[in-house]
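Let me begin by presenting the structure, written as structure tokens, before commenting on it.
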Amino acid sequence: MIKRIKVPEERIAVLIGRNGKTRRYIQQKTHTKIKIVDDVEINGDSIDVMTAETIIRAVARGFSPENAFSLLSEKNTLVIMDLPKNERELKRIKSRLIGMGGKCRKNIEVLTRTKISIYGRTAGIIGSYENTKLAGDAIRRLVTGISHKKVYEYLESHHNKFNGENDFTTAD
């Protein structure tokens, strides 16, 4: 199977890594061949291509390769949420989601045991299926204007239910 995907120009260097290290690691772990020209071409068995594609999409959406590699574990998933297209609205929403010095994003990550990337017009979440759903709910609530305090209370009530059960898992 061959799959082609677009990656923003400014993320290509991150995808390749120093001396090609990141690309080689993805190829090695997913048993695929990755070619980067105008877009990214992934060649291999279907399931391996899908895994490599998910990792590459995570890097393309602003995640570090190390966080993206956690997608090698079947316990983790990637969720990409579209943010508003209106420039003014987008700027306001991004500010709410990131918070002062990244505090809001960090709080959501801690309370949901996920990793979050706000990049371009999207919010990306990596974590277990249950935890990415919870983080996605929190992001949707913030986008609709619910106060940070109410969102944190919502997350804390769910955090106590899952405490210790759904840890953010990295591969290797």
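Sequence positions, counted from 1, serve as the residue numbers for this chain.
- Of the inter-residue distances, the one linking Met100 atom CE with Ser95 atom OG reads 10.5 Å to the nearest 0.5 angstrom.
- Annotation: side chain of Leu97 is in contact with side chain of Leu83 (closest heavy-atom distance under 4.5 Å).
- Between Asn76 and Thr132 there is no side-chain heavy-atom pair separated by less than 4.5 Å.
- Partner Thr30 forms a side-chain contact (heavy atoms from CB on, under 4.5 Å) with one of Leu71, Thr54, Thr51 and no other, that one being Thr51.
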> Given Tyr152 and Cys104, is the side chain to side chain contact (heavy atoms under 4.5 Å, CB included) satisfied, shown in steps?
Replying inline: CA-CA 9 Å; Tyr152 296 152; Cys104 178; 3.5 Å; yes
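- Shortest non-hydrogen contact noted between Ile108 and Thr112 is O-OG1, 2.6 Å.
- Rounded to the nearest 0.5 Å, atoms CE (Met81) and OG1 (Thr122) are 10.5 Å apart.
- When all heavy atoms of Asn67 and Ile126 are compared, the closest pair comes out as O-CD1, 3.7 Å.
- Annotation: side chain of Asp45 is not in contact with side chain of His31 (no heavy-atom distance under 4.5 Å).
- Under the 4.5 Å side-chain heavy-atom criterion for Ile, Leu, Val, Met, Phe, Trp and Tyr, Ile55 and Met1 are members of the same hydrophobic cluster.
- Considering every non-hydrogen atom in both Gly124 and Ile80, the closest pair reads CA-CD1, 4.2 Å.
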For Tyr25 and Lys21: C-alpha separation, side-chain torsions, deciding distance, then whether side chain to side chain contact (heavy atoms under 4.5 Å, CB included) applies. CA-CA 6 Å; Tyr25 185 79; Lys21 186 177 178 183; 5.6 Å; no
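- In this structure, the separation between CD1 on Ile42 and NZ on Lys3 is 8.0 Å, given to the nearest 0.5 Å.
- Of the possible donor and acceptor atoms, one in the side chain of Glu109 sits under 3.5 Å from a partner among the backbone N and O of Ile116.
- Using modelled atom types, one side-chain atom of Arg11 and one backbone atom of Phe63 make a donor-acceptor pair closer than 3.5 Å.
- Under the 4.5 Å side-chain heavy-atom criterion for ILVMFWY residues, no single connected hydrophobic cluster contains both Tyr129 and Val79.
- Put simply, CD on Glu66 and NZ on Lys115 are 11.0 Å apart, with the number rounded to the nearest 0.5 Å.
- Remark: side-chain polar atoms of Lys75 are not paired, donor with acceptor, to backbone N or O of Gly127 under 3.5 angstrom.
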Note to self: Could you walk me through whether Arg61 and Ser117 satisfy the side-chain hydrogen bond (donor to acceptor under 3.5 Å, both in side chains) test, starting with their C-alpha distance in whole Å, then the side-chain angles of each, then the deciding distance to 0.1 Å, before giving a yes or no?
What the structure shows: CA-CA 7 Å; Arg61 298 312 327 146; Ser117 172; over 6 Å; no
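- For the residue pair Leu78 and Ala58, the shortest heavy atom distance occurs at CD2-N, 3.8 Å.
- Ile56 has its side chain within reach of Ile5: a pair of non-hydrogen atoms, C-beta onward, lies under 4.5 Å apart.
- A salt bridge is defined here as a Lys NZ or Arg NE, NH1 or NH2 lying under 4.0 Å from an Asp or Glu carboxylate O, and Glu130 with Lys133 fails to meet this definition.
- Rounding to the nearest 0.5 Å places CG of Leu111 at 5.5 Å from CD of Glu156.
- Contact check for Asn86 versus Arg88: side-chain heavy atoms found under the 4.5 Å cut-off.
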Please lay out, stage by stage, how Thr22 and Ile16 fare under the test side chain to side chain contact (heavy atoms under 4.5 Å, CB included). CA-CA 5 Å; Thr22 302; Ile16 294 169; over 6 Å; no
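- In this structure, Tyr119 and Ala60 approach most closely via the heavy-atom pair CE2-O, 3.5 Å.
- At least one donor-acceptor pair closer than 3.5 Å links the side chain of Ser157 to the backbone N or O of Tyr154.
- Annotation: side chain of Leu142 is not in contact with side chain of Ile93 (no heavy-atom distance under 4.5 Å).
- A heavy-atom distance below 4.5 Å is not found between the side chains of Val151 and Glu153.
- Cluster membership check: Ile146 shares its hydrophobic cluster with Leu134, using side-chain heavy-atom separations under 4.5 Å among Ile, Leu, Val, Met, Phe, Trp and Tyr.
- Shown here for Ala135 and Thr114, the closest heavy-atom pair between the two residues is CB-OG1, 3.9 Å.
- Judged purely by atom type and a 3.5 angstrom limit, Gln27 uses its side chain to pair as donor or acceptor with the backbone of Ile34.
- At least one donor-acceptor pair under 3.5 Å links the side chain of His148 to the backbone N or O of Arg96.
- To the nearest 0.5 Å, the span separating CD on Glu9 from CD1 on Ile12 amounts to 8.0 Å.
- In summary, Asp137 and Arg141 do not engage in a salt bridge, as defined by a charged side-chain N under 4.0 Å from a carboxylate O.
- Linking ILVMFWY side-chain heavy atoms closer than 4.5 Å, directly or via other members, places Ile2 and Val49 in two distinct hydrophobic clusters.
- Two residues are said to be in side-chain contact when any heavy atoms from C-beta on lie closer than 4.5 Å; Glu87 and Arg121 meet this criterion.
- Using a distance-only test at 3.5 Å, with no hydrogens or angles considered, a donor-acceptor pair links the side chain of Arg24 to the main chain of Asn19.
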